[in-house]
Amino acid sequence: MASNLLNGGQVIVDYLIQEKVPYAFGLCGHGNIGFIDALHERAEDIKTISTHHETVAGFMADVFYRVSGKPIATFTSCGPGSANLPICLGNSYLDSVPFLAVTGNVPTSQFNRGAFQELYRHYQADFPSTVRAYCKRVFQPTRGEMVPIAVRQAWKTMVTGRPGPVVLDVPFDIFKEAAAEEAPKPEEWNANISCRCGADPEGLAKAVDMLLAAERPVILVGQGVKYGGAAADLLALAERLRIPVACSSSGMGAIDSQHPLALGLIARNGTYQANHAARQADVLLALGVRFDDRTSSSWLPGHSFTIPPTRLIHVDIDPEEIARNYPVALGLMADVRTFLRQVLAEIDRRKASAVPEARTRWLEAIEGYKREWTSFIAPGFAADTTPIHPQRAAHEIGKALPEDCILVSDIGVHHNWLIQFCHPTRPDSLIGSMGFGPMGFGVAGVLGAKLAAPDRPCVSVCGDGAFFMHASVLGTAVEYQLPVVWVVWNNYAYASIRGLQRGYLEGRELATDFRHPQTGAPYNPDFAAMARSAGVDGVSVDRAADLGDAVRQAIAAGRPYLIDANIDADQNPQGAGVWELPGLGRSRPGIGGRFEPGR
Ligand SMILES: Cc1ncc(C[n+]2csc(CCOP(=O)(O)OP(=O)(O)O)c2C)c(N)n1
Ligand SMILES: [Mg+2]
C-alpha cells in the first residue's frame, strides 16, 4: 500500500471522527479486526465499547441517538456476529432512528468459495440480502477506492429525509486496502444539507383555515415531534389556539404530561380523555405519527378515531405514512417543526387571536372526561399487595424518578403500565420501542442512554423474560463503569403474551410462564444475586411501599444497580381503546364505549 494513502478502515474511522461520533459499540470477530485496528489507532478521538452481544450494541446505539440526537456507529464481524444485528436494525428502522452499522464480510478474493462464515448459496457474501428489509440502505464497497463514496453516501442516507439505520458492509480485505489520501469532508457533502422542508403555501393556508374554524380540534403527536425537536413549537401552537394534545406512545413527553392541555396517551390502554376527545374531534392535526394499530384501536372506528367524519390533517416528513390508514382532508409532506413555525407565523400574519367560543365548551367537556378517568383508575393506587400491584408499581417508580431522569422501558406488559402511570415531562423522559418491539431494547438501551447523558439518572424497567435474555449487560455496565439502574419487573412470566392467552384463548396457557419442574412454583433465577455475582449491587423488593425508596437509593448509589421487583402478573392495564387480534376477537374498553357520530 502506498504509504500516503489511508486504508478503508482508516477512511471510515476518520469520517466518523469528523462527524463527531464519540463512540463505536460492537463485538469483535475475525471479519472486523481490520476495522478494530483502525479504531485502535484513533482511540483518543473515538471510544470503543465492547459488548457481550451484538444486539446489545445495536440497542445502545439506538437509545444513544434518542437521547443525544447524534447517530453513532456499531461494529460487528462477518457471519453470525452481524447476523445478530437485524433485530436491532429492524427496531431502529421502524422507529426511524439512525445508526451506522459497519459490518465485516469475507475477503473479496474468497467470494463464492464458501469461505468460513460466507453466506454464498444464493449470492456471494450475501449479508445485504439478510438485512434488506431491516434497514434503510446497504452499501458494500468491494474495492478500497469505493470506501470514501460509500461512507459519505451511507451517512447521508442515514440522516436525511426520514432517518434510519444504514449498513456499511465491508469485506475483510477492504478494511486494509488502500482507499484514499483522505476521508471525505462532511462540510463538502453532508453538513450543509437540510431536510427541514415546510408545507406548500396553499396547503399551509388551508391547514390554518381548518384549525381556526375548528370547534372540537385535537392535536395528535408522534415521535416525529420529539426527534424533530418540535416540542417548543408544539406547545406554542397548542397554547395559542387552546387545542388539547394527545400522543401516541412514541410521542409521549412531546408535551409535559401535566400540562392542562395534555390529554395523555391514545391507545388500547390510553386515557379516557385522549381517546374520547380524539374520536369526537371535528379536526385532528396529526404530527409525525403513523397511526399504527396500537395507537388507533386497530383502526376500528369510534374507539380512538372516527375518521371520517373527523377531518384529518396529516403532516409527516415521509409521504409514505400519509393516507396509509386513514383518508386525509389535508396531507402535507413537511418537517413538523418547520410546519409548526409556518402555522404560527401565518396566525400572526392574519392577526387571528380570537379562539372560537365553542372551544371553551370543548375544553370543559374534556375536563369532565379527565375526572371520569381519574376515578376509574383510583383503586389501583391504593392496592397494597404482595406481589406488588402493577399500577402501584408503575406509580411508585414514576414518583421516585427525578425530573431529569431517563426511563427506558423494555417490551411487555410492564411497558403498557409505564406508559399509563409514569408521567413524562420531557421528550426523552420515557423511551420505548413501538414499531418492532424487540425484547431487550430497554435492558441494553439504558447503557446507551447513560453514555449519551452521563449526568442524568438512567433507569431501565424491563421484564424478567427480557432481562434473562440479555443479562450480559451487567458485565458491560461494570467494565465501563456505567451507573445505570435496572428495575426487573419480575412477574415470573412472558406476562403480556400469557395475558393474550387468557383474554383470547380461554386461558389455554402454554409456554408463557416460568415454573420449577418439581414444585410447580414460579421459577426465576435470583436476579439480585445474579447482579451481585457480576459486581453489580442487587436487591429484591416485595412491597409497594418499599419500591420508591429502593429506586431512589439505587439512583443515589452512583453504581450499576439492579432491583428485582416482585410484581403481580394477574392484572392487565385497562383503558379507553381496544385492540383486535383478527380471527380471535377484540378486547373491550375498560371505560366508555364506542362513539357513534350523530347518535
Ligand atoms: C425478541 C423478542 N421475542 C419475542 C417477543 C414477543 N414478546 C413480546 S412481549 C413478550 C413477553 C415479554 O416478557 P417479559 O420480558 O417478562 O415482560 P412482561 O410482559 O412479563 O412484562 C414476548 C415474548 C418479542 N417482542 N421480542
Ligand atoms: Mg415477565
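Treat the numbers as computed from the prediction; the structure is a model and nothing was measured. Numbering of ligands and ligand atoms starts at 1, following listing order.
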Do we see a donor-acceptor contact under 3.5 Å between the side chains of Asp169 and Asn105?
yes

Here the gap from Arg294 atom CZ to Ser296 atom OG, rounded to the nearest 0.5 Å, amounts to 11.5 Å

Between Asp293 and Ser298, does any side-chain donor sit less than 3.5 Å from a side-chain acceptor?
no

Going by atom types alone, do Glu403 and Thr425 pair a side-chain donor with an acceptor below 3.5 Å?
yes

Could you give the distance from CD1 (Ile555) to CG (Leu401), rounded to the nearest 0.5 Å?
5.5 Å

Tell me whether Asp570 is salt-bridged to Arg498, with the criterion being a basic N under 4.0 Å from an acidic carboxylate O.
yes

Contact set, ligand 1, heavy-atom distance under 4.0 Å, ordered by chain/number, equals Ile87, Ile411, Gly412, Val413, His414, Gly437, Pro438, Met439, Gly463, Asp464, Gly465, Ala466, Asn491, Ala493, Tyr494, Ala495, Ser496, Ile497

Glu372/Lys370 salt bridge by N-O under 4.0 Å criterion
no

Does Phe139 have Arg137 sitting over its ring (NZ/CZ under 6.0 Å from centre, angle to axis within 45°)?
yes

Indicate yes or no: does Asp537 engage Arg532 in a salt bridge with an N to O separation below 4.0 Å.
no

Under 2.8 Å from the Mg ion (ligand 2), which protein atoms of type N, O or S occur, listed by chain and number?
Asp464 OD1, Asn491 OD1, Ala493 O

